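In this text the structure is predicted, and so the values were computed from the model without any measurement. Counting begins at 1 with the first residue of the sequence.
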Amino acid sequence: MPYSNRSNDVWALGVILINMVTSRSPWNKASTSDDCFSDFLLHENYLRETLPISMGANALFRKIFRWDPYERITIPALRKAILKLDT
């Protein structure tokens, strides 16, 4: 799979956003060898169950942290989604 700057920028923005919102990181390393990241990949509500975030934020982070970079939300769509969040 070719490297995608835009998709990786979205991931990086997601990490920054989740750190700003929760003052925590969701996992140590985005690798299947990291138990927390593996749990995130397996359980749709992992972030909501482990971090103080709303259902809307959880849905948004699920769009940001897609394993396949070409399935991630785009930066313009991310901006719109953030503006629509109620909490």
| field | Sub-4.5 Å side-chain heavy-atom contact between Ile64 and Leu13 | value | no
| query | What salt bridge (Lys or Arg N to Asp or Glu O under 4.0 Å) pairs are there with at least one residue in residues 58-67, not counting sequence neighbours? | reply | Arg66-Glu71
| said: Within this structure, what is the CG-CG distance for the pair Asp35 and Asn28, rounded to the nearest 0.5 Å? | reply: 9.5 Å
| Partner residues of Ser31 under the side-chain contact (heavy atoms from CB on, under 4.5 Å) criterion, sequence neighbours left out | Lys29, Ser33
Side chains of residues 42-53: which donor-acceptor pairs under 3.5 Å do they make with residues two or more places apart or in other chains?
unit_1, atom_1, unit_2, atom_2, d
Asn45, OD1, Asn58, ND2, 3.2
Arg48, NH1, Ile53, O, 2.5
Thr50, OG1, Tyr46, O, 2.9

| request: Could you tell me how the ring of Trp27 sits relative to the ring of Phe40: parallel (under 30°), tilted (30 to 60°) or perpendicular (over 60°)? | output: tilted
| said: Between Ile18 and Met55, is there shared hydrophobic-cluster membership here, with clusters defined by ILVMFWY side-chain heavy atoms closer than 4.5 Å? | reply: no
| said: Less than 4.5 Å apart, side chain to side chain, heavy atoms only: is that true for Phe65 and Leu41? | reply: no
| query | Can you pull the side chain to side chain donor-acceptor pair (under 3.5 Å) pairs that have at least one residue in residues 7-22, sequence neighbours excluded? | reply | Ser4-Ser7, Asn19-Ser25
| request: Can you see which heavy atom on Ala57 is nearest to which on Leu85, and at what distance? | output: N-CD2, 3.7 Å
| query | Applying the 4.5 Å side-chain criterion to the ILVMFWY set and letting contacts propagate, would Ile82 and Ile75 be lumped into a single cluster? | reply | yes
| Side-chain hydrophobic cluster, 4.5 Å single linkage: members besides Ile16 | Met20
| request: Check side-chain contact (heavy atoms from CB on, under 4.5 Å) between Ser38 and all other residues, then give those that pass, not counting sequence neighbours. | output: Thr32
| task | Considering non-hydrogen atoms only, spot the tightest contact between Cys36 and Asp34 and give its length. | result | N-OD1, 2.9 Å
